[in-house]
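Input: a single structure, listed below in structure tokens.
Both ligands and their constituent atoms are indexed starting at 1 by order of listing.
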Amino acid sequence: MCGIVGYIGNKPIKEILIDGLRELEYRGYDSAGIAVLQNHQFSLFKAIGKLINLEEKTKNFETTGFSVGIGHTRWATHGKPTELNAHPHVGENSCVVHNGIIENYQELKNMLIQQGVKFLSQTDTEVIVHLFEYHLRTAATPFDAFTQTLKKLKGSYAILLVSASADETIFFAKNGSPMILGRNGEGETLFGSSDAALIGKCHEVIYLEDGQYGVATAQTIALYDQFNHAVELRFIPLSENKLSAQKEGFRFFMEKEVYEQSRVISDTLMGRLGDERIYFEELDATLFEGINEIKLCACGTSYHAAMVASYLFERHSKIRTSVEIASEFRYREPFLTHDTLFVVISQSGETADTLESLKMAKKAGLKTLVICNVDNSSMVRLADASILTRAGIEKGVASTKAFATQVSVLWMLSLMLAGMRKTLETTEIKRQIHLLRTLPATVKVDEALHEQLRRLSKRYLNGHGFFFIGRDVFFPLALEGALKLKEISYLHAEGYPSGEMKHGPIALADPGLYTIALLPQHKLYDKTKSNVEELSARDSTICSISPLDFNKADDHIRTKLSEDYMVEFFEMMVVLQLFSMEIAIRLGNDIDMPRNLAKSVTVE
Ligand code: AGP
């Protein structure tokens, strides 16, 4: 997720902007830049890679006296990490930085190109500054041009825009991506996409709300709501703890990332959902020409996402699909054919076993696709095509939002393929696109449910093991739930197909065996229910997760009634993530950096 800073004041501005960006590094980025406006003159600096490269470029740049400036660290969503794609983006005499995704950028870009505008970058962001200058030609004031620009934007954004047409001014807007406005006793005004960038520089802040926008100068700040009504400036004191600021009030990065799933899934879906079809503009249709089979390959949580996809590809796209654990695939001399599309899934894009598997597939002459969270990673650079999951940096070693966005992308991909292969009726594709649109709301954490899981966790600390059981896509979800628990609580847990319990594992059933049973209403409920009853009859301690009441369990977590099993999947995913986290918290473990684990396993 990108980082944004802004400053209005009399201090040397370069250090303030770059120090602010440094506090946002934890969000992950692949390029950075600043733009400073002083005496109607712009100074613009951009660099790919880390901030040290930007510092090198600005080492001879200093300002004295009043100036305004904006800065940005970019997490690539549209366009590779290059200097041209780095923010700030410039027009004739204006600069803009942006966090989020402009969903209708292509149509705006086409209109502006027809008006003779020349674009330099591949980004969605660049349309903002050119649209502003387009309106500047006829607007009564630069602020009017800014408000007219905002009216045209669809999607998520946090924007800072400066223009020589409005010297000493920063225009700002917030919709879907975070933006915080701060001030101090020295008449300075600052902006940040996280309060981590403002700590030590401001005493009081306003956390802008969606739809709010305004204009700030050295003397005044004007704030408006989505109805263009003036909003009273209600500043609140700013906390002084930087690390807690990076966690934005959550106890752990993992917890923050579970709560972020609603927003990041919105970003994942942004620009990809049509009314009747799916769009992946990053894919060329030729990728699928001559393809009769899909082989998915990954490790860990990403492997579980691949397993979910295998059900969806065969069910929706009617294409033979297999799933490989990368560390096994590498050494089993696999039989590969050129009509197979090799799809690797990886949050980091650097996992050694998955990367080597990708190399094997390329060497065997297969077409390759990577679904990844890090642009410009080794796998993205190596594969024939890539789809970015747009989850933003995932700091918790136990993967959560990466998994959620991987499954979202794979579900969309299965529908895109179904449309291309005409294996689903348009009405069914439309229905599932409607379901996808409900995901941000589905994964939004219900505080009461979280509190229930926190209370319940104390009862699951001392068993001799856990079984997480489910059928169909709830089997890989059970595997994922077991992995989450193992990773952070260090308690033993297994994911198992419900129907397999009677083939041996049920011998373990006793009160000390905890069974977490996934009982979706819309997928094999009765079959799974009877499997759970077999365990209950042998006095296993059972925690059932279902939208339907189930009286054979010791504990029951009631999820919402929904219209489809894939919606149930995402809701149960959140339950399993939080349940594991609350157990691990009670055990006093390091939630974000569990023992023995690394965020990216770049060794065999
Ligand atoms: C998941 O919680 C773990 N951190 C681990 O299993 C991870 O999914 C696996 O190492 C694969 O990583 P990747 O997605 O970056 O390739």
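What sits closest to atom 12 (O) of ligand 1 on the protein, heavy atoms only, is T351 OG1, 3.4 Å. Looking only at heavy atoms of the protein, atom 9 (C) of ligand 1 is closest to C299 O, 3.9 Å. From the protein, the heavy atom lying nearest to atom 10 (O) of ligand 1 is V601 CG2, 3.9 Å. Scanning the protein for heavy atoms near atom 15 (O) of ligand 1, the closest one is S348 OG, 2.7 Å. Of all protein heavy atoms, the one closest to atom 14 (O) of ligand 1 is S302 OG, 2.5 Å.
Contact analysis leaves E350 out of contact with ligand 1, as no non-hydrogen atom separation drops below 4.0 angstrom. No heavy atom of T354 sits closer than 4.0 Å to any atom of ligand 1.
Ring planes of F250 and Y259: tilted class, angle from 30 to 60°.
Residue Q406 has no N or O atom closer than 3.5 Å to an N or O atom of ligand 1. In terms of polar-atom proximity, defined here as any N/O pair under 3.5 Å, V397 does make such a contact with ligand 1.
E289 and R421 are not joined by a salt bridge, as no carboxylate oxygen comes within less than 4.0 angstrom of a charged side-chain nitrogen. A salt bridge does not link D554 with R459: none of the charged nitrogens is closer than 4.0 Å to a carboxylate oxygen. Taking 4.0 Å as the cut-off between side-chain N and carboxylate O, E394 and K401 do not count as a salt-bridged pair. By the 4.0 Å N-to-carboxylate-O rule, E314 lies too far from K318 to be salt-bridged with it. We find that E324 and R332 are joined by a salt bridge, their nearest charged nitrogen and carboxylate oxygen being less than 4.0 Å apart.
Using a 4.0 Å cut-off to heavy atoms of S399, the atoms of ligand 1 that qualify are 1 (C), 2 (O). Close approach of ligand 1 to T301 is summarised as follows: ligand atoms under 4.0 Å from at least one heavy atom of the residue are 1 (C), 2 (O), 6 (O), 8 (O). Atoms of ligand 1 found under 4.0 Å from any heavy atom of A398, numbered from 1 in the order shown, are 2 (O). Close contacts of ligand 1 with E487, meaning ligand atoms under 4.0 Å from a residue heavy atom, involve 1 (C), 2 (O), 3 (C), 4 (N). Heavy-atom contacts of K484 reach the following atoms of ligand 1: 1 (C), 2 (O) (cutoff under 4.0 Å).
A heavy-atom distance below 4.5 Å is not found between the side chains of T321 and E293.
F329 has its ring centre less than 6.0 Å from the ring centre of F342.
Across every non-hydrogen atom of I488 and M581, the tightest pair is CD1-CA, 3.6 Å.
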